[in-house]
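Taking it in order: structure first as structure tokens, then the write-up.
Chain letters run A, B, ... following the sequence lines, proteins first and then strands; every chain starts at 1.
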Amino acid sequence: MADELPPFRYTPQLAAEIEHRWQDRWEADGTYEAPNPAGPLADPEGVAGRPRRYVLDMFPYPSGAGLHVGHPFGFISTDVYARYRRTKGDNVLHAMGYDSFGLPAEQFAVRTGAHPRTTTEANIATMRRQLRRIGLGHDARRSVATTDVAFYRWTQWIFTQIFESWFDPEANAARPITELVASLESGDRPTPDGRAWGELSEGERRAIIDDHRLVYSAEMPVNWCPGLGTVLANEEVTAEGRSDIGNYPVFRRNMRQWVMRITSYADRLLDDLDLLDWPEPIKVMQRNWIGRSTGARVRFAGEAGDIEVFTTRPDTLFGATFMVLAPEHPMVDALVPGAWPEGTPQRWKLASQDDVAAVAGGAAVPATPGEAVDAYRAAAAAKSDRERQEDRQKSGVFIGATATNPVNGRQVPVFIADYVLMGYGTGAIMAVPAGDERDFDFARDYGLPITAIQQPPAEWYEAHGIEPTLDTTAWPEAFVGEGDYVGSAADEADGRSAIDLNGQRTIAGAVELINAWLESQGRGEAAITYRLRDWLFSRQRYWGEPFPIVWDEHGPRSVPDADLPVELPEVDDYSPQAHDPDDADSNPVPPLGRVEDWAEVELDLGDGPRTYRRELNVMPQWAGSCWYELRYLDPTNEDRFVDPDVERYWMGPGVDRNGRETAGGVDLYVGGVEHAVLHLLYARFWHKVLFDLGHVSGPEPFHRLVNQGYIQAYAFTDARGQYVEADQVTEVDGQYFFDGQPVNREYGKMGKSLKNMVTPDEMYEAFGADTFRLYEMSGGPLEASRPWSTRDVVGMQRFLQRLWRNFVDEDTGELVVVDEPAADETRRLVARTVAGVDADLDSLQANTAIAKLIELNNHVTKSDAPVSREVAEPMVQLLAIVAPHIGEELWARLGHDSSVVWAPFPAVDEALLTDDTIELPVQVNGKVRGHITVAADADQAAMTAAALDVENVAAHLDGAEPRKVIVVPGRMVNIVL
RNA sequence: GCGGACGUGGCGGAGUUGGCAGACGCGCCAGGUUUAGGUCCUGGUACCCGAAAGGGUGUGUGGGUUCGAAUCCCACCGUCCGCACCA
């Protein structure tokens, strides 16, 4: 068969030959190496006068499963943009590294006994080979892996920087902890209990300092995942209360863990989003995740001291008829009396309607509040988060205590209920049933008073079909809108000043008034609360960065720079630290704890050599990705994590795509939306700390972010629900069949288990890398997801074959390009194509750029004359941006010795972009009825005359006089009757 | 429930500021090359009427603004994504 083909046809075999040859050549020549302004990679001449352009991909985890065709989509997009910017003269930094710590390698190690480093490095080698085969123009010198000791040495260094810092709220920035110590020593800053610094013991001083650190170790409720044997960050736990990885149950437990004080940066992380050129949905997700709420803290006096609540609606204080604490609130035990107060309704003693039913059936009512509290806590702990979520019935129990509403002195009962979360605000709320749906539901269920505090408008009553009334027994739900205040006044009494909100019309006005009053009474103050929690930073695993921390009798101390890296020790056994996934009471066992000769270490921390115990936890997988973009800049630097001059050059303040100045950061960052609140929040946090400490030159790591879409795929299941090989499914009249049996089609991810995986290797084999690249880029915009369709790839192969044939004689292999000038029409089309492709690539629209190239090629194919050099050269240059191998090959065949990569983008003769005459549509009443051809600079009268002269237009006018003629020069003529 | 994004041929998708809807590719139809199939080449391809010229209808649905709307506004329907008792 093959020998029937012309010998020089652009076949997959020829494509492979060309591609391998050029890939070797690029590697040998260092074609994609980007010069630095300083250091080992310096080339001042290469840098001079060229704008920097940092183009970055979210680096991949080197999975052993291998790539499918969806993985390289983003990488090819950035490669095309990087190539485009090189032709425009930029110094483009484009590199690829590996986020190589992580669970899969460790789990594989546990199963097979192979060292995670061995499998990780093998996987990286495989992935490098697969990515090289696509022809991605990466600077190979800059490739790093987070598992490289030379890399995580600096991850550890950054950790110590964070450890040795505290957040100064006055500066709203991190400062070295030494400055805090100095101000405590000098007395400029008082100690927590007012004693002089010199009077404190070493242990007391250390405790104060440790309390201020940006990363600290504390006993706290954490997400314990027995199935994985480790604790997890909130961001790693799904809404169903399961682990993001592995889908194991997750339990809330109190444990001693390391935490990063990301909440200190909540405001800056929120505000600085405005500096960024990011997709609005991602910004919204980050804003929601940070979840800033403004309101007030209010203190209710109780038997065991003040109970502090946070509320966004302090203006509704007069409607607070009870309080609710989280079941695990620390004050509960102190508040619970030995016996039920007289007259406690039975309903308050029962946690739920189920209990009410049980009691009706003869079950006992809790005899004391303590009994009720214990039972409720036990029941709540037994419920999974999923059950809590699905069961929206409010449950809770009265704890037998009351507290004083500070605004009017009324005693209100105190409940515990699991709809109040310990992790948010103060873990306690004032319940305002008239103005809050949840409190309303609870109050109705427990027969608690509902006091109206705002007058709902007439429409509200109408919408509910009830007569206007302030008797809330008639209300079907809480009123949460804006309305005049009622019953919201109290006279001076019991040492309280008078307060009157009743004249207020707006929530804002009432809030301002009540906040001032609360502060004057010492019962509260305006406050801000965030949904964001501090970042749980420790994991009980092996395959992660060891903490550069040792412990002495007073607490943790950082390992000095000179003693970094703290290398992962060799272990005999990575064996499962996991437990029964449902055993909430199991305890984490860090694998490093079993390496006794490593865990004990002798160090001199400035007070002579001593023996210390190492921290045994490791960092979470996110650590390396918090700063890898900085290491690409200066990958071999052994003295610093990055040279300051190099950092400022690539990441410092710059100019964005609209010519506006930026605060700095990567010029283009492309990756999936799944990192919207994990990596992208953590990396911003670390960068801000480094910025505060003077280690980087801008406040944000990634200036412009684009979320690539996903390549999706159809999967097919048979009658038993089993997946069947997707490539063997046939379609008949919209029905799908496998092996003669009808199958069901699903649309979604591509993957081995779904039996619909298509690999890049198959594509190289059948089409070649350039065809594969073109297909990936041509299907639609970068941001859009779309289905993979192997059947469609042939379209791009035909394009390259036709184009090749326009340049190379298929029988002789001779170049058929001629030096004669091209036809005028062709030259104009070339100019339009160059200009159009320029604009398309600039806005990351490779799909339409490719369409324009195909149009030009189709035009050239149709003309009988051989292609002219003045057409061929720009055409090859544009092609080389998306299909670099065939581009280089044709460029070389056109007689060029140097790579097309560095050839400047083709110039456009502006005169060729405008035509002497243009064809315009003529509309009658907005509908196109004909066309006119007029001089490009024709005036309105001439255009009108020509339009009225069109036969079909005249027919539609039917002799009538136009009421109006609208002429848009260069666009159209519309005749209005 | 709250928040966000998006609805264009058989399919993937084009469509600067409102100004010729459907670029480009797949698929499909017809023709050519070929012993045949495939490859390759040429032409056609939103839908309806018409031999054609031409006409009518069309960008999820219904309204509105405008000389003119896929594009702007309102309501609704649908799909996808995020959050989910956050006080």
Side-chain angles (χ1 to χ4, degrees), chain A residues 1 4-6 9 11 239 279-285 287-289 291 293 295 309-313 316 324 388-389 391-394 417-421 423-432 435-439 441-442 529-533 673-674 676-677 734 774-775 778-781 783-796 798-799 801-802 805 810 836 839 843 845 847-855 857-858 861-862 919-931 951-952 955-956 962-968 970-977:
Chain A
M1 286 295 199
E4 289 176 30
L5 290 174
R9 169 155 299 174
T11 59
E280 198 55 33
I282 300 291
K283 291 189 180 184
V284 168
M285 282 164 73
R287 286 190 192 108
N288 290 344
W289 192 263
S293 294
V309 303
F310 173 76
T311 174
T312 55
R313 292 290 304 276
T316 63
V324 185
R388 262 200 194 193
Q389 185 186 331
D391 181 16
R392 290 258 165 162
Q393 274 295 336
K394 294 283 178 293
D418 66 5
Y419 81 90
V420 174
L421 311 173
Y424 183 79
T426 63
I429 63 162
M430 61 180 214
V432 183
D436 182 282
E437 264 325 307
R438 296 153 304 183
D439 299 343
D441 292 346
F442 194 86
T529 291
Y530 303 89
R531 224 182 66 109
L532 183 69
R533 305 261 65 83
V673 71
E674 71 271 19
V677 288
L774 278 171
Y775 173 68
S778 67
E783 295 88 340
S785 294
R786 77 197 70 146
W788 175 266
S789 174
T790 301
R791 191 178 70 171
D792 294 358
V793 180
V794 70
M796 291 302 122
R798 287 177 193 152
F799 161 54
Q801 283 178 336
R802 275 196 289 266
R805 205 159 31 233
E810 287 193 323
S843 51
Q845 289 176 290
N847 54 329
T848 51
I850 291 168
K852 290 180 173 78
L853 269 175
I854 295 174
E855 274 184 273
N857 189 55
N858 288 347
T861 304
K862 270 172 207 148
E919 193 186 70
L920 297 177
V922 179
Q923 301 178 343
V924 178
N925 286 339
K927 288 195 192 301
V928 179
R929 297 300 182 187
H931 291 87
E951 195 178 331
N952 195 35
H956 275 89
R963 221 155 35 88
K964 193 162 144 192
V965 178
I966 292 155
V967 180
V968 184
R971 284 283 190 189
M972 45 67 72
V973 179
N974 188 14
I975 298 161
V976 184
L977 290 180

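Under the rule for a side-chain hydrogen bond (donor to acceptor under 3.5 Å, both in side chains), the partners of Q845(A) that lie at least two apart in sequence or sit in another chain are S843(A). For N288(A), the side-chain hydrogen bond (donor to acceptor under 3.5 Å, both in side chains) test picks out no residue, with sequence neighbours left out. For R531(A), there are no side-chain hydrogen bond (donor to acceptor under 3.5 Å, both in side chains) partners, not counting sequence neighbours.
When the P atom of rG3(B) is taken as reference, atom CD1 of I282(A) falls 19 Å away, rounded to whole Å. When rounded to the nearest whole Å, the span between CZ of R533(A) and P of rC83(B) equals 16 Å. When rounded to the nearest whole Å, the span between CG of L853(A) and C1' of rA14(B) equals 15 Å. Atoms CG (N857(A)) and P (rC41(B)) sit 11 Å apart, rounded to a whole Å. Following rounding to the nearest Å, D441(A) (CG) and rA87(B) (C1') show an atom-to-atom distance of 14 Å. Note: CD (E783(A)) to P (rG13(B)) measures 13 Å, nearest angstrom. Rounded to whole Å, atom P of rA87(B) lies 13 Å from atom OH of Y419(A). Residue E280(A) contributes atom CD, which lies 16 Å from atom C1' of rC6(B) at whole-angstrom precision.
Remark: the separation of the P atoms in rG63(B) and rU71(B) is 14 Å, to the nearest Å. A gap of 7 Å separates the C1' atoms of rC73(B) and rU65(B), to the nearest Å. Taking atom C1' in both rC49(B) and rG58(B), the straight-line distance is 15 Å, to the nearest Å. Here, rU8(B) and rG3(B) have their P atoms 25 Å apart, quoted to the whole Å. Taking the C1' atom of each, rG31(B) and rG19(B) are spaced 38 Å apart, rounded to whole Å. Rounded to whole Å, the P atom of rC74(B) lies 23 Å from the corresponding atom of rU79(B). When the P atom is used for both rC76(B) and rG12(B), the distance is 28 Å, rounded to whole Å. Separating the P atom of rU57(B) from that of rA70(B) is a span of 13 Å, rounded to the nearest Å.
Between the CD1 atom of I975(A) and the CD1 atom of I966(A) there is a distance of 10.5 Å, given to the nearest 0.5 Å. From H931(A), atom NE2 reaches atom CD of E919(A) across 5.5 Å, with rounding to the nearest 0.5 Å.
Residue contacts for E437(A): at a heavy-atom cut-off of 4.0 Å it reaches no nucleic acid atom on any strand shown. Among the atoms of the strands shown, none is found under 4.0 Å from any heavy atom of P279(A). When heavy atoms are screened at a 4.0 angstrom cut-off, G291(A) is found touching no nucleic acid atom at all.
Proximity of a side-chain donor or acceptor of R805(A) to a complementary backbone N or O of R9(A) within less than 3.5 Å is not detected.
In this structure, S293(A) reaches the rA87(B) phosphate: one of its side-chain N or O atoms is under 4.0 Å from OP1 or OP2. Contact between the side-chain N/O atoms of Q845(A) and the OP1/OP2 oxygens of rG15(B) is found at a separation under 4.0 Å. Side-chain N/O atoms of R805(A) include one lying less than 4.0 angstrom from OP1 or OP2 on rC41(B).
Here the side chains of V928(A) and V922(A) are not in contact, with every heavy-atom distance at 4.5 Å or above. Contact of the R802(A) side chain with the N858(A) side chain is registered, since non-hydrogen atoms from C-beta on lie closer than 4.5 Å. Side-chain contact check for F310(A) versus Y424(A): some heavy-atom pair is nearer than 4.5 Å. By the 4.5 Å heavy-atom criterion applied to side chains, T790(A) and Y775(A) are not counted as neighbours. Using a 4.5 Å cut-off on side-chain heavy atoms (C-beta onward), F799(A) and L853(A) make contact.
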Could you write out each protein N or O paired with an N or O of nucleotides 51-56 of chain B at a distance under 3.5 Å?
unit_1: rG55(B); atom_1: OP1; unit_2: R929(A); atom_2: NH1; d: 3.4
unit_1: rG55(B); atom_1: OP1; unit_2: N952(A); atom_2: ND2; d: 3.0
unit_1: rG56(B); atom_1: OP1; unit_2: R929(A); atom_2: NH2; d: 3.1
unit_1: rG56(B); atom_1: OP2; unit_2: R929(A); atom_2: NH1; d: 2.7

Sub-3.5 Å pairs of nitrogen or oxygen atoms, protein against nucleotides 67-71 of chain B:
unit_1: rC67(B); atom_1: O2'; unit_2: N974(A); atom_2: ND2; d: 3.4
unit_1: rC67(B); atom_1: O2; unit_2: N974(A); atom_2: ND2; d: 2.5

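Sequence order on RNA chain B of the closest nucleotides to G427(A) and M285(A) puts M285(A) first from the 5' end. Of the two residues contacting RNA chain B, namely H931(A) and V284(A), the nearest-nucleotide position lying further toward the 5' end is that of V284(A).
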Query raised in the report: When you check every protein heavy atom under 4.0 Å of nucleotides 22-27 of chain B, what one-letter string (B, S, -) results, 5' to 3'?
Result: -BSSSS
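Of all heavy-atom pairs between S778(A) and M796(A), the closest is OG-CE, 3.8 Å.
Counting heavy atoms of neighbouring residues, nucleotides and ligands inside a 6.0 Å radius, atom CD of E951(A) does not exceed 12 of them.
Among the nucleotides rA87(B), rA84(B), rC85(B), the one closest to any side-chain atom of R531(A) is rA84(B).
If you check rA5(B) for Watson-Crick or wobble pairing at under 3.5 angstrom, you find it paired to rU79(B). Under the Watson-Crick or G-U wobble criterion, with both distances below 3.5 Å, rU45(B) is paired with rG27(B). Look at rU34(B): it lacks any Watson-Crick or wobble partner with both distances under 3.5 angstrom.
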Query raised in the report: M430(A) and V309(A): side chain to side chain contact (heavy atoms under 4.5 Å, CB included), yes or no, with the steps?
Result: CA-CA 6 Å; M430(A) 61 180 214; V309(A) 303; 4.2 Å; yes
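In this structure rG9(B) sits in the syn conformation; its chi angle is within 90° of 0.
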